[in-house]
**Q** 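Have a look at this one before I ask anything.
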Amino acid sequence: MTTTSVSADAGTNNGHAGTARPDATPTTLARALNMGLRASMDRDPKVLVMGEDVGKLGGVFRVTDGLQKDFGEHRVLDTPLAESGIIGTAVGLAMRGYRPVAEIQFDGFVFPGFDQIISQLAKLTFRTQGKVKMPVVVRIPFGGGIGAVEHHAEAPESFFCHIAGIRVVSCSNAADAYFMIQEAISSDDPVVFFEPKRRYWEKTPLDVASHPGSTFSSVIRRPGTDVTVVSYGPSMPVLHAAADAAAVDGRSLEIIDLRTLSPLDLDPVLESVRRTGRLVVVTEAPRESSISGDIAARVTEEAFYSLAAPVLRVAGMDLPYPPSKLEEYYLPDLDKVLDAVDRVLAY
Amino acid sequence: MTTTSVSADAGTNNGHAGTARPDATPTTLARALNMGLRASMDRDPKVLVMGEDVGKLGGVFRVTDGLQKDFGEHRVLDTPLAESGIIGTAVGLAMRGYRPVAEIQFDGFVFPGFDQIISQLAKLTFRTQGKVKMPVVVRIPFGGGIGAVEHHAEAPESFFCHIAGIRVVSCSNAADAYFMIQEAISSDDPVVFFEPKRRYWEKTPLDVASHPGSTFSSVIRRPGTDVTVVSYGPSMPVLHAAADAAAVDGRSLEIIDLRTLSPLDLDPVLESVRRTGRLVVVTEAPRESSISGDIAARVTEEAFYSLAAPVLRVAGMDLPYPPSKLEEYYLPDLDKVLDAVDRVLAY
Amino acid sequence: MVNQQWIDSLATARGVKERGVTGAGATPAPTSAPSPAQVIAGLKATSGGEDLIQLLTPEGEFTPHPDYPLDLHPDRFPELLKGLYRDMVLVRRFDREGNALQRQGQLSIWVPLLGQEAAQIGAGRAMLPQDMAFPSYREHGVAWCRGIDPTELLGVFRGTEHTGWDPREKGFGGYCIVIGNQVINATGYAMGQRLDGKVGQGAQAEATIAFFGDGATSQGDVHEAMVFAAAYDSPVVFYCQNNQWAISEPVERQSRIPLFNRSRGYGFPGMRVDGNDVLACLAVTQWALDECRSGNGPVLIEAFTYRMDAHTTSDDPTRYRQADEAQAWKLLDPIERVKVHLARTGMADSAFFDEIDAEADELAARFRAHCVAMTVPPPERMFSHIYSEPNHQIDRQRAEFLAYLDGFEDESGDLA
Amino acid sequence: MVNQQWIDSLATARGVKERGVTGAGATPAPTSAPSPAQVIAGLKATSGGEDLIQLLTPEGEFTPHPDYPLDLHPDRFPELLKGLYRDMVLVRRFDREGNALQRQGQLSIWVPLLGQEAAQIGAGRAMLPQDMAFPSYREHGVAWCRGIDPTELLGVFRGTEHTGWDPREKGFGGYCIVIGNQVINATGYAMGQRLDGKVGQGAQAEATIAFFGDGATSQGDVHEAMVFAAAYDSPVVFYCQNNQWAISEPVERQSRIPLFNRSRGYGFPGMRVDGNDVLACLAVTQWALDECRSGNGPVLIEAFTYRMDAHTTSDDPTRYRQADEAQAWKLLDPIERVKVHLARTGMADSAFFDEIDAEADELAARFRAHCVAMTVPPPERMFSHIYSEPNHQIDRQRAEFLAYLDGFEDESGDLA
Ligand SMILES: Cc1ncc(C[n+]2csc(CCOP(=O)(O)OP(=O)(O)O)c2C)c(N)n1
Ligand SMILES: Cc1ncc(C[n+]2csc(CCOP(=O)(O)OP(=O)(O)O)c2C)c(N)n1
Ligand SMILES: [Mg+2]
Ligand SMILES: [Mg+2]
């Protein structure tokens with residue numbers, strides 16, 4: 001089950017398909033995040049970066065490379081090895097007026113900090129009726145496909161989409177990475193920021209002067225007429241490859257990148273589904289009680305008469321993430337998306 | 001917004017509506033759980049009960065009352081105040097051959113133990129390809145409507161339904177409580193066992209000699225023809241009240257109690273929806289990325305042509321649980337269910 | 001195959017067991033652990049042992065402590081003690097009123113602090129205005145010291161709101177129900193104080209104090225709070241009110257040695273103070289906050305006290321402890337010893353005591369009146385301040401909900 | 001408003017700072033903490049200080065320890081030491097082979113134990129067959145002692161499986177990746193040993209040993225493991241391999257005092273052993289396991305050692321530590337000192353050393369051959385043993401998946 005080589009994500013800054021802007025430079029997603037963190041730290045002395053190995057090492061994926069050297073150990077903190085401690089102290093720092101950007105080293109290691117996220121980070125603003133704000137960003141490298149050992153390749157975003165009081169977002173190209181991390185940091189809401197680690201080294205165009213306005217909205221990456229296909233972060237290149245392959249068979253797929261997973265910006269999806277009548281939702285997260293089920297249920301409820309077929313899902317199976325030599329069987333890929341397109345068109 | 005008084009859940013042991021069996025005794029749900037725990041401990045010396053205040057005090061809801069007196073401090077353990085420690089030591093005890101029944105005192109306090117549940121309890125059997133079994137039950141009193149302070153009235157079951165490797169069940173009457181807790185304890189799978197705390201003191205018939213076979217399946221509590229209404233645990237009385245009220249308007253609701261939330265037993269639901277063409281899912285859990293969305297998405301996918309209307313959901317709003325004086329506005333009640341029935345019939 | 005050795009070991013108050021082993025950390029010789037028989041009889045360790053720091057004995061005799069001075073001019077001592085007496089009497093009075101209001105259905109629940117007045121007032125009065133406190137749910141006495149009117153505590157127990165004050169304005173966090181959570185948040189706040197340059201010698205120097213119980217010491221969050229505070233020399237006092245019980249579990253269930261020793265595992269000072277001696281609590285907490293303010297944080301204080309009443313109004317202590325235990329602790333009452341000292345030394349006459357009692361009754365009456373008059377907030381309060389930024393999903397669900405409610409007014413409800 | 005005081009404090013190796021304060025737990029006077037300059041220069045604390053328990057010096061001189069005897073007849077000492085030498089050489093050899101296999105793309109990752117052979121073989125050989133070990137992911141040396149063939153370790157690093165052995169059969173748990181998780185599971189297992197009556201004087205008495213690193217000591221799970229073990233007197237040895245680093249963070253980041261002191265906060269013994277001295281690790285671990293077996297558990301052992309290689313093959317230590325640090329620790333090599341002692345005392349001749357090296361090469365060759373020949377498991381392995389009971393959802397998703405795969409064979413795939 002080899003995946004055909006996928007083209008770089010053809011998305012551009014403002015979400016309009018088409019050629020890259022003249023002064024956009026091909027930039028890796030990791031580099032774009034580093035530039036975005038740096039821009040936020042330059043702008044606001046209250047912005048801190050904290051986590052395991054984020055300072056001297058520059059992070060296990062080098063996303064925070066050079067920040068401690070430039071901003072000092074008092075703003076880029078290598079923390080003791082304890083995720084509840086990292087999130088819990090970030091909450092306290094935020095109460096003091098700081099804007100901490102906490103890093104969870106890999107998706108599977110967010111769970112020791114889950115209690116502080118759901119019981120304090122997500123609830124303090126409501127608990128105090130707005131007197132306490134939680135401008136905290138929790139960065140989590142997530143998703144599979146990197147041949148790693150257990151707990152290093154999971155997609156836990158559905159858990160956080162079920163928690164009221166926090167925003168959940170995911171970037172899928174360098175431009176979004178650069179602008180979304182800054183928007184997350186400047187937001188007074190707590191934001192869980194999912195980074196598709198498999199794509200950290202993919203280059204896509206970034207024009208730092210493009211000022212795209214809010215990047216937390218859904219965006220049509222590629223217009224189409226027959227089937228609407230929706231995803232975010234890690235799976236976006238798969239969708240573009242599927243659209244290319246489908247075009248060869250004369251089928252036009254409309255590709256939408258959600259960017260925000262909670263609160264979902266469903267209007268562009270509904271508008272598209274009302275045109276195409278068919279929707280496929282693609283995520284790496286397991287199927288059961290997940291964000292993919294929520295999208296299917298809400299689109300069906302709000303666009304029932306437009307649907308020519310049920311919303312189909314290409315999602316992880318309801319299994320613990322498999323050993324890495326089998327992960328390509330588990331992950332959504334080109335063939336699975338094309339198969340779903342076939343089936344949704346068969347109704 | 002006062003809720004009309006709800007009749008006791010008319011469910012009986014074998015899931016067939018109808019009068020109580022001759023030798024069935026009206027029993028509170030809490031008492032039935034106590035009797036079920038006792039029966040399991042009598043049968044198997046490896047069964048332990050552990051948690052905060054479960055021993056000498058008999059549990060804050062008295063569900064474990066008298067067990068320490070009868071079985072000793074070595075089988076009913078009052079533990080230090082640490083949920084990761086409770087679940088983590090239960091995992092170790094299970095590796096040693098014991099069958100621990102761990103109590104989480106209130107739903108909001110499961111999250112410090114969330115990491116041990118998702119990273120160890122749910123994955124050890126797959127990790128060791130079956131060489132290690134995890135016959136652990138995690139009991140969680142859940143749901144609202146008891147006028148309590150924060151973190152004491154939440155419905156966190158969707159989180160656990162998203163975790164592969166554990167079963168998630170919920171009892172809604174004394175008979176199910178008695179038999180399901182024993183089935184959970186004797187199962188070699190880890191089971192998260194949700195108890196509707198608002199209904200601990202409601203009496204329903206219990207016949208300990210009825211041997212109902214597996215209680216982990218969905219069950220039709222009340223046959224009907226117009227609309228299928230599905231729920232579990234805390235909301236079941238609301239559904240029965242709605243069915244009674246709807247009958248007055250000449251509308252016949254089919255009431256289904258899921259009992260198992262993961263893996264979902266959807267066949268009875270699909271069979272029913274293929275007859276009625278309309279489905280309403282009722283849960284206290286927030287709507288976003290939840291079990292209610294998953295049920296709606298799967299039923300739509302598998303019974304698309306039978307649906308005369310989209311699956312509608314009566315769920316908690318996507319808010320932190322409100323202060324108790326406002327909880328009745330938040331919780332699914334008779335009026336909300338009847339309103340959903342109206343709307344699903346309006347398509 | 002019953003394991004008798006285990007059963008015996010559980011039933012006894014191991015507190016401290018002679019280990020007869022070498023190596024650092026071998027459990028120190030038992031100081032004041034009650035005998036197994038005593039524990040079974042419910043007579044808990046009423047004496048704090050040699051390590052107990054005490055200035056005012058249960059009988060009202062005062063001796064200053066060489067290491068923990070009360071930093072004030074001796075002439076102002078009577079005024080200080082009378083003030084502390086007033087604090088404790090008034091706090092106990094509205095706490096009793098809270099219990100009564102719950103019994104009469106005016107509150108869903110009340111969390112009594114009976115017996116812990118000295119531990120809370122002592123620590124509360126040790127704080128400077130710029131300091132920050134992180135409470136659990138029982139710290140009504142500390143709230144009092146931070147200028148939070150008792151009526152502001154009612155909402156959380158009546159079920160109308162979660163926090164009735166502005167934490168930064170009062171220097172007192174909202175009540176925290178999840179055991180241990182607030183302790184790691186306190187360390188983070190203290191890290192922020194240091195980052196702001198507020199640790200050092202200046203008059204503006206700040207410190208933080210986290211309040212938690214004996215049961216909370218078992219939580220991972222309290223451990224990680226101490227690890228981070230030691231790693232960053234954070235100006236935070238970990239103030240553990242060991243009231244001997246975590247609902248139905250005795251402190252021996254959480255630790256085999258006195259809790260103040262916990263700091264020895266992290267390398268910062270820890271001391272046990274007589275939690276029923278308001279002067280000792282004041283002096284030791286002042287010292288600890290000053291240590292933190294000057295950069296020598298963190299510090300652990302174990303206030304050795306007793307939970308005289310039930311865990312909450314929904315608890316029944318007769319199921320797990322002996323009445324004679326409470327009797328023994330009554331002899332160590334935190335208010336009684338101050339009254340005896342004030343009367344014996346002539347610092348205060350009966351008129352003073354009567355005046356305080358009258359003021360207490362007035363406070364209780366105002367507290368009650370406010371409670372019974374409290375209204376239920378409007379239902380859309382459920383949607384307020386979930387986020388700090390505009391949120392289309394919240395707006396939509398609010399609109400749908402209000403439309404649904406309107407439906408009941410004109411009987412044509414429509415829940416989108 | 002830059003906080004210079006804070007910046008200085010972070011950059012220095014506070015290790016232990018003179019506190020000049022009263023009260024129990026005041027940080028003990030610094031014993032062997034490296035000077036700030038030393039740390040900045042990357043020269044870590046290469047000496048374990050006075051508390052270090054050592055039997056065999058880096059130069060190969062052996063002196064028995066009064067408190068920690070090697071319970072064997074002196075005549076059998078040469079055989080013991082030669083066996084330990086062989087263990088360490090073979091383990092180091094296949095560990096080096098693992099590194100090489102990763103470099104050649106045969107493994108996704110390898111986690112080297114270079115430098116920690118003595119800490120692992122000493123503890124591994126101290127265990128009795130009936131004891132149980134809970135490893136993290138670096139304990140290849142302990143696995144060796146528990147009869148797990150090195151090839152059984154390959155699956156987890158090649159990505160073909162998560163655990164290649166039966167934990168109960170080998171008395172060695174599966175590798176645990178989430179830092180700290182296995183330590184609380186170990187306490188639970190030890191509680192079960194006591195419940196089974198296996199704690200006491202009999203020959204069948206059992207104990208458990210949990211392996212974790214210096215970074216892990218900051219996790220809440222390790223704290224709660226110690227709280228529960230102290231509460232239930234559980235027969236568990238907490239064996240911390242302080243190899244000075246948690247990926248790029250020095251141990252000073254986790255604790256300001258030597259880690260063995262952590263047990264003083266819970267009331268059980270803790271000691272620091274020279275983690276590069278296989279005899280000291282054997283003697284101290286034997287003593288600790290016996291203490292636990294007889295009912296005096298738990299015990300904390302800090303094996304003071306050094307991670308000679310990178311954290312894993314995906315790590316680059318040159319970004320965070322000085323090369324001269326590794327040079328300093330080379331002088332304390334765990335294998336070299338045994339070789340010197342065996343040679344100087346005439347217990348072993350060059351033939352013996354050559355024989356061991358040959359055996360090591362054979363092992364490495366078998367290890368390599370097994371690895372390169374390893375096949376990818378069939379895809380439906382993803383569905384196997386998710387649950388122990390029949391599961392209709394798993395069966396259905398397996399059937400759908402296999403049907404989907406078949407579709408590719410006859411090009412008419414149908415994913416239900
Ligand atoms: C994480 C968590 N687990 C359980 C509870 C339920 N609970 C509330 S108070 C309490 C006992 C707390 O005892 P202690 O820490 O000694 O404080 P005290 O109430 O005695 O002041 C428990 C178990 C909780 N609030 N949070
Ligand atoms: C909960 C969790 N957080 C983070 C990680 C990532 N991680 C893997 S190893 C490691 C450092 C562990 O250091 P230490 O405990 O000293 O063990 P060592 O690797 O040095 O043997 C980290 C941060 C993890 N595996 N688990
Ligand atoms: Mg207490
Ligand atoms: Mg280490």
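Worth knowing before you read on, the calculation uses all heavy atoms, side chains too, and leaves out hydrogens, waters and symmetry mates. Every chain is numbered from 1 and lettered A, B, ... according to where its sequence line falls, protein lines coming before strand lines.
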**Q** Sub-3.5 Å donor-acceptor pair from the side chain of C/Arg321 to the main-chain atoms of C/Ser248, do we have one?
**A**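 Between the backbone of C/Ser248 and the side chain of C/Arg321 there is no qualifying donor-acceptor contact (under 3.5 Å).
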**Q** Classify the ring geometry of C/His65 against C/Tyr68: parallel below 30°, tilted from 30° to 60°, perpendicular beyond 60°.
**A**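 C/His65 vs C/Tyr68 ring planes: tilted.
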**Q** For the OH atom of C/Tyr189 and the CZ atom of C/Arg168, what is their distance to the nearest 0.5 Å?
**A**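 One gets 3.5 Å once the value is rounded to the nearest 0.5 Å.
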**Q** Output, in order, the C-alpha distance, side-chain angles, deciding distance and verdict of side chain to side chain contact (heavy atoms under 4.5 Å, CB included) for D/Phe268 and D/Asp233.
**A** CA-CA 9 Å; D/Phe268 56 83; D/Asp233 303 334; over 6 Å; no
**Q** Assess the residue pair C/Asp67 and C/Trp287 against the criterion (side chain to side chain contact (heavy atoms under 4.5 Å, CB included)); give the C-alpha distance rounded to whole Å, side-chain angles, the decisive distance to 0.1 Å, and a yes or no.
**A** CA-CA 9 Å; C/Asp67 301 329; C/Trp287 172 83; over 6 Å; no
**Q** Residues of residues 219-227 of chain D under 4.5 Å from chain C (heavy atom pairs)?
**A**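 Answer by number: D/Gln219, D/Gly220, D/His223, D/Glu224, D/Val227.
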**Q** So which residues of residues 203-218 of chain C are in contact with chain D at a heavy-atom cut-off of under 4.5 Å?
**A**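 Within residues 203-218 of chain C, the residues that come under 4.5 Å of chain D (heavy atoms only) are C/Thr217, C/Ser218.
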**Q** Output yes when a side-chain donor or acceptor of C/Tyr239 lies under 3.5 Å from a complementary backbone atom of C/Ala119, and no otherwise.
**A**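 Indeed, once roles are kept as given, a pair shorter than 3.5 Å links the two residues.
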**Q** Is a side-chain N or O of C/Gln244 found less than 3.5 angstrom from the main chain of C/Thr305, in a donor-acceptor match?
**A**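 Pair found, side chain donor or acceptor close to backbone of C/Thr305.
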**Q** So, D/Ser294 side chain and D/Glu291 main chain: donor-acceptor pair closer than 3.5 Å or not?
**A**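 It does hold such a pair.
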**Q** Going by atom types alone, do D/Asn242 and D/Glu302 pair a side-chain donor with an acceptor below 3.5 Å?
**A**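 Looking only at side-chain atoms, D/Glu302 and D/Asn242 do form a donor-acceptor pair, the distance falling under 3.5 Å.
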